[in-house]
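See below for the structure under consideration.
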Amino acid sequence: MEKLTIEGGGALKGEINVSGMKNSALPIIFATILLKGDSVIKNIPLVSDVLNSLEILREMGAKITVLDSHSVLINTDNISSEIKAHALISKMRASSYLMGTMLARFGHAELPMPGGCNFGVRPIEQHLKGFSLLGAVCNEENDFVLISTKNPLKSTKITLDKISVGATINIVLASLFIEGVTVIENVAVEPHVDDLIHFLNSAGAKIIRYGRRIFCEGVKQLHGVEYEIYPDMIEALTYLTYVGATGGEIVLKNTNTAHLSYVLDIFSKMGADVGITEREVKFRAYRALDGANVTTAPYPLFPTDLHPQFASLLCFSKNGGIIKEGIFPTRFAYVGELQKMGACMKQGNGYIEVLPSKLHSATVNATDLRAGAALICAALATHGVSTINNVNYIVRGYEDLTNKISSLGGKIKLLKGEQ
Ligand code: EPU
């Protein structure tokens, strides 16, 4: 198993290019199932979840050609209606997008229950509610989801009972070829939802989002496109927690600052010096930042995917803070690992109180992707050499992590195997 060693205590300084957004690359890759002809997807982040998605398509018979380090040509004209790669599918939440795409293209989908990061039950009843309202029959049997329709799906109005990125995306995908206008209400408005809509519209779809309502007018077919994925907001914000915790400065290049603005305001209030242009953030934190209280919630509010990293940052702040988790009530597996490093944290029902702490180096385990990113933050800001196990979680979502951190002056090494 790979592990990271980090010799912390030094300020990070420098600049990095933000990679393409994992959480939009994944639905866009699966959405190519609905396009005829070649598509070229650019700014693809080379992270394991993306590589696994491409492998799932390849095993279904798609033609995948790597054009350069971040561009891939995908052609799904001859894919099979049978989904293979069951083991990969059960590892990844985003494989749930095969439900909407296969239903739209073949009228049926049969796949293992999608897996995903390890922070509690992740139901899909909102996805299935949407498919059912469109006229499909949905069943769950022996850890498989079976969705099918004998008749053409029918456009209708679907109101989600709770805001869900995955259900929003899946219902849009299922609706693309339905005659008439499908209306989806109470939708997620994360930048990755808009990125997918932008991609589909470039391929000939007719989708409009007004606030939390999406109108999808069915079209006969979609054509191949050349499309560039938006920059990854969570990667960008993660690096700001690293620089905030170690007390340094960074220029984030190739980012979309509009997507970051809610959290950048919080960093400014905590005392960081934040300058933005449309595509760049200049961020400086030359003294310990003040604390902050935050509650995670759907975009445009504080992202759950920054919760663990922000908790690490608060350990190094002047007065700590409270994080309430409003999306995934059990996303606290990282707490025990940070406590192994001496973090003072008190966990309550759905929240964590973080006190300013003097951390020490330790051997810790990443329990999921963002938990792993949080441990990196703590290790970078703590004197001594820390070891982080289970790197496989972290490489699901952070491209070129060790090189990016090294380029900022961080002392990080990836050890392969049993070293
Ligand atoms: N939910 C339901 N029923 C459903 C669907 C969702 O109860 O049918 C609940 C979930 O359990 C959760 C909330 O609704 O409490 C929101 O879940 P959502 O469906 O929005 O999450 P997701 O689509 O499964 C995506 C990202 C996650 C990110 C969340 C929230 C992908 C592949 N995953 O998951 O990303 O945390 O949205 O923004 O896009 C990550 O990148 O580390 C990650 C976990």
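Computed from a predicted model, the values in this text were never measured in an experiment.
Taking CG from Leu173 and NE2 from His127, the interatomic distance works out to 11.0 Å, rounded to the nearest 0.5 Å. Here the NE2-CG distance, from His192 to Leu26, works out to 9.5 Å after rounding to the nearest 0.5 Å.
Using cut-offs of 30° and 60° on the angle between ring planes, the pair Tyr242 and Tyr239 is perpendicular. Under the 30°/60° scheme for interplanar angles, the aromatic rings of Phe267 and Phe310 are found to be tilted.
Contacts classified as side chain to side chain donor-acceptor pair (under 3.5 Å) and involving residues 332-354 (residues at least two apart or in different chains) are given here: His307-Tyr334, Glu337-Lys340. Sorted by first then second residue, the salt bridge (Lys or Arg N to Asp or Glu O under 4.0 Å) pairs that include residues 263-276, not counting sequence neighbours, are Asp273-Arg284.
Remark: side-chain polar atoms of Asn390 are not paired, donor with acceptor, to backbone N or O of Asn392 under 3.5 angstrom. The closest donor-acceptor contact from the side chain of Arg279 to the backbone of Asn254 lies at 3.5 Å or more, if one exists at all. Using a distance-only test at 3.5 Å, with no hydrogens or angles considered, no donor-acceptor pair links the side chain of Ser386 to the main chain of Thr363.
Across all non-hydrogen atoms, the minimal contact from Arg213 to Val187 is N-CG2, 3.9 Å. Closest approach of Val354 to Ala311, counting heavy atoms only: CG1-O, 3.7 Å. Scanning both residues, Arg287 and Asp290, for their nearest heavy atoms gives NH1-OD1, 3.8 Å. Across all their heavy atoms, Arg370 and Asn23 have their closest contact at NH2-ND2, 4.4 Å.
Around atom CG of Asn142, no more than 12 heavy atoms belonging to other residues, nucleotides or ligands sit under 6.0 Å away.
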Q: Take Phe144 and His86 through the ring-ring contact (aromatic ring centres under 6.0 Å, His included) test and state the conclusion after the steps.
A: CA-CA 10 Å; Phe144 267 69; His86 288 175; 5.2 Å; yes

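Side-chain contact check for Val145 versus Cys138: every heavy-atom pair is 4.5 Å or farther apart.
The aromatic ring centres of Tyr227 and His198 sit less than 6.0 Å apart.
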